[in-house]
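Below is one structure; the comments refer to it alone.
So that the names make sense, note that chain A is the first sequence line, chain B the second, and so on, each numbered from 1. Below, each value reflects all heavy atoms present in this structure, side chains not excepted, and no hydrogens, waters or symmetry copies.
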Protein chains: 2
Amino acid sequence: MTKYEYIADIIRKRILAGEYPENTLIPNQVELVEEFQVSRMTIKKAINILMMEGLVYSQRGLGTTVLNNQLPERSATLATDYSGLTKGLEGKEIKTDVIKFDVAFPDEFIQEKLKITAHQPVYEIIRLRNVENEPYTLEHTFMPVDLVPGLNEEISSHSIYSYLEEIGIEFAGAHRNIHADKSTELDHQYLDCQPSDPVLEVEQVVYLKNSRPIEFSRSRNRYDKKSYTVLDVM
Amino acid sequence: MTKYEYIADIIRKRILAGEYPENTLIPNQVELVEEFQVSRMTIKKAINILMMEGLVYSQRGLGTTVLNNQLPERSATLATDYSGLTKGLEGKEIKTDVIKFDVAFPDEFIQEKLKITAHQPVYEIIRLRNVENEPYTLEHTFMPVDLVPGLNEEISSHSIYSYLEEIGIEFAGAHRNIHADKSTELDHQYLDCQPSDPVLEVEQVVYLKNSRPIEFSRSRNRYDKKSYTVLDVM
DNA sequence: CAGTGGTCTAGACCACAAG
DNA sequence: TTGTGGTCTAGACCACTGG
């Protein structure tokens with residue numbers, strides 16, 4: 001844990017606890033320098049984190065203001081949440097049905113997305129994630145076999161991402177595309193939705209630290225159960 | 001223009017020009033310090049910008065790698081684009097029909113979103129944006145009157161955001177929620193879509209630098225014409 | 001004007017990857 | 001071990017806000 005992360009954590013707690021109330025200024029950077037006994041650059045970096053989280057906003061000449069407490073809305077998934085399931089679901093019962101688990105050679109589309117050749121096999125996995133016994137997301141995932149040795153149906157039925165973390169795989173980031181679509185036969189069957197219901201589809205490519213794509217997936221969500229939130233700071 | 005923005009611009013151009021090819025390392029930070037005659041912190045900040053744009057990725061001990069050229073995909077709107085229309089539409093003919101332009105008192109929902117009281121009037125504007133004579137987005141917008149003096153139907157029929165920039169209004173950021181919905185009567189009428197077609201709805205609150213919300217809007221998009229892309233760097 | 005945050009420096013030390 | 005990027009410092013100057 002770096003100093004600036006540590007300091008950001010403390011200030012965040014103070015904001016959430018109301019110690020620094022909404023629409024007021026937090027102590028200026030010089031005062032924070034004195035409190036934490038660090039350089040101002042370090043304070044600045046800590047505040048930057050909070051600004052990217054949408055908690056505060058800094059203005060030259062004025063100070064740093066606490067914005068309205070942006071708490072998690074309804075069942076929305078933060079766009080920075082890439083494991084597919086919201087952290088807000090912690091504590092709830094999550095059950096995963098593995099509908100398909102296969103190894104096959106990729107078609108051209110998948111080759112392009114995962115930057116691999118036709119001769120490198122991929123896992124093809126379809127999973128239904130249930131939360132509190134209600135269908136939540138239907139995920140269709142492709143991963144290169146050579147990047148994820150030892151993946152199997154048993155692991156898939158729990159959390160693939162926990163497994164990846166265990167074997168020391170580190171992620172660099174993800175590219176997502178979010179759009180609406182008509183529901184298909186498969187959606188009706190598994191998401192338990194009506195033919196007239198739309199779905200929210202999220203396509204993502206997840207990259208490793210070495211810049212290789214490790215996953216291409218499409219997840220389809222009931223339109224009334226899931227949405228995405230994005231926070232832009234300019 | 002700060003030094004680090006200037007340097008980021010130059011390095012970005014080199015990457016896009018192929019001078020720093022994909023999947024190769026760019027010169028290390030010490031070399032860049034020598035080339036640009038600045039401190040390493042400044043080089044670091046410049047590289048950070050490119051990393052947030054998804055162009056490069058830095059690893060301790062290794063260097064900074066050029067990632068695959070992430071060019072704009074299909075008709076996707078970048079999530080950091082808050083004016084409602086993609087910059088990729090530049091050069092195309094955009095026509096705006098103002099369907100409703102009213103001033104009224106806000107209901108509770110809008111009061112909450114815009115952080116105002118029931119006695120502060122708001123503009124309520126419904127606009128249809130057409131691109132190349134095809135319906136593109138149906139926007140339903142609320143803005144506090146006191147923040148945007150002099151807004152009228154004529155201005156609304158062009159670009160509200162250009163007007164806001166002209167009168168010197170500065171934005172701090174936006175909160176967006178993206179989800180799918182069934183299409184309504186209004187959608188069928190204006191977006192020229194079928195009753196069975198879903199729509200992609202984006203709700204956003206745009207904040208000013210002084211942290212006041214200036215806009216709450218819902219925009220509804222044909223599911224086959226628009227999507228959102230989000231880039232996460234961890 | 002005084003006070004704020006934004007940038008920038010020159011140098012230091014550390015964590016990490018690779019040979 | 002060497003070279004890389006990540007962090008951190010102490011101080012400086014500047015741009016902007018408000019009175």
Side-chain angles (χ1 to χ4, degrees), chain A residues 1-11 15 20 23-53 55-67 168-173 208-212 233-234, chain B residues 1-11 15 20 23-53 55-67 168-173 208-212 233-234:
Chain A
M1 163 91 69
T2 59
K3 282 194 194 181
Y4 65 84
E5 286 171 321
Y6 170 77
I7 293 170
D9 282 352
I10 292 182
I11 298 178
I15 291 171
Y20 298 152
N23 295 314
T24 65
L25 297 174
I26 69 172
N28 70 44
Q29 298 186 356
V30 178
E31 288 174 299
L32 292 172
V33 161
E34 284 161 8
E35 174 181 353
F36 292 103
Q37 292 292 306
V38 296
S39 77
R40 192 156 75 89
M41 287 287 302
T42 304
I43 294 294
K44 174 92 192 4
K45 258 182 148 172
I47 291 176
N48 247 348
I49 292 180
L50 302 177
M51 205 157 69
M52 291 203 289
E53 291 174 353
L55 278 177
V56 301
Y57 188 70
S58 296
Q59 282 165 287
R60 211 189 327 232
L62 276 181
T64 300
T65 315
V66 179
L67 295 178
I169 283 180
E170 290 183 297
F171 305 96
L208 294 182
K209 284 204 171 178
N210 65 12
S211 92
R212 267 198 68 180
V233 179
M234 294 160 199
Chain B
M1 161 92 71
T2 60
K3 282 194 195 180
Y4 65 84
E5 285 171 321
Y6 169 77
I7 293 170
D9 282 351
I10 291 182
I11 298 177
I15 291 172
Y20 297 151
N23 295 315
T24 65
L25 296 173
I26 69 173
N28 70 43
Q29 298 186 355
V30 177
E31 289 173 300
L32 292 172
V33 160
E34 284 160 9
E35 175 181 352
F36 290 103
Q37 291 292 306
V38 295
S39 78
R40 192 155 76 91
M41 287 287 301
T42 304
I43 292 294
K44 175 95 191 3
K45 259 182 149 172
I47 290 176
N48 247 347
I49 291 180
L50 303 177
M51 207 157 68
M52 290 202 290
E53 290 174 353
L55 278 177
V56 300
Y57 188 70
S58 295
Q59 282 165 285
R60 215 191 327 232
L62 277 181
T64 300
T65 314
V66 179
L67 295 179
I169 283 180
E170 291 184 295
F171 304 96
L208 295 181
K209 283 205 170 180
N210 65 13
S211 92
R212 268 197 67 179
V233 179
M234 294 160 198

Please report, rounded to the nearest Å, how far the C1' atom of D:dC8 is from the NZ atom of B:K44. 12 Å
Length of the line joining A:Q59:CD and C:dG6:P, which is rounded to integer Å: 9 Å
Respond yes when some side-chain nitrogen or oxygen of B:K45 is under 4.0 Å from OP1 or OP2 of C:dC8, and no when none is. no
By nearest nucleotide on DNA chain D, pick out whichever of A:G61 and B:G61 is the more 5' one. B:G61
Minimum-distance nucleotide to B:M41 side chain [options: C:dG6, D:dG18, C:dG11]: C:dG11
What nucleotide among D:dG6, D:dT9, C:dG6 has an atom nearest to a side-chain atom of A:S58? C:dG6
Mapping A:E5 and B:I47 onto DNA chain D by nearest heavy atom, which one lands closer to the 5' end? B:I47
Return the value, rounded to whole Å, for the distance between atom CG of B:N48 and atom P of C:dC8. 14 Å
Out of D:dG6, C:dA18, C:dT9, which nucleotide sits closest to the side chain of B:S39? C:dT9
Would you tell me if any nitrogen or oxygen in the side chain of B:Y4 comes within less than 4.0 Å of OP1 or OP2 on C:dC8? no
Rounded to the nearest 0.5 Å, how far apart are CD1 of B:I15 and CD of B:E53? 9.0 Å
For the student: nearest non-hydrogen atoms of B:T64 and B:S58, plus distance: OG1-OG, 2.8 Å
Does C:dT9 have its OP1 or OP2 closer than 4.0 Å to a side-chain nitrogen or oxygen of B:T42? yes
A:E31 and A:N28: side-chain contact (heavy atoms from CB on, under 4.5 Å), yes or no, with the steps? CA-CA 5 Å; A:E31 288 174 299; A:N28 70 44; 3.4 Å; yes
side-chain N/O A:K3 vs D:dG6 OP1/OP2, d < 4.0 Å: no
Rounded to whole Å, how long is the line connecting atom CD of B:Q37 with atom P of C:dT9? 10 Å
Think B:Q29 has a side-chain N or O under 4.0 angstrom from the OP1 or OP2 of D:dG6? yes
Test A:I47 against A:L32 for side-chain contact (heavy atoms from CB on, under 4.5 Å), laying out the working first. CA-CA 10 Å; A:I47 291 176; A:L32 292 172; 4.2 Å; yes
Nearest-angstrom distance from the residue atom CD1 of A:I11 to P of C:dG5: 11 Å
Which whole-number value in Å describes the distance from A:R40 CZ to D:dC8 P? 16 Å
What pair of heavy atoms forms the shortest contact from B:Y6 to B:M1, and how long is it? N-SD, 3.5 Å
Whole-Å gap separating P (D:dT4) and CD1 (B:I26): 12 Å
Nearest-nucleotide pick for B:R60, side chain only, options being C:dG5, C:dC8, C:dA15: C:dA15
Any idea which of C:dG6, D:dC8, C:dA17 is nearest the A:T2 side chain? D:dC8
For the pair made of CG in B:N28 and C1' in C:dA17, what is the distance, rounded to whole Å? 14 Å
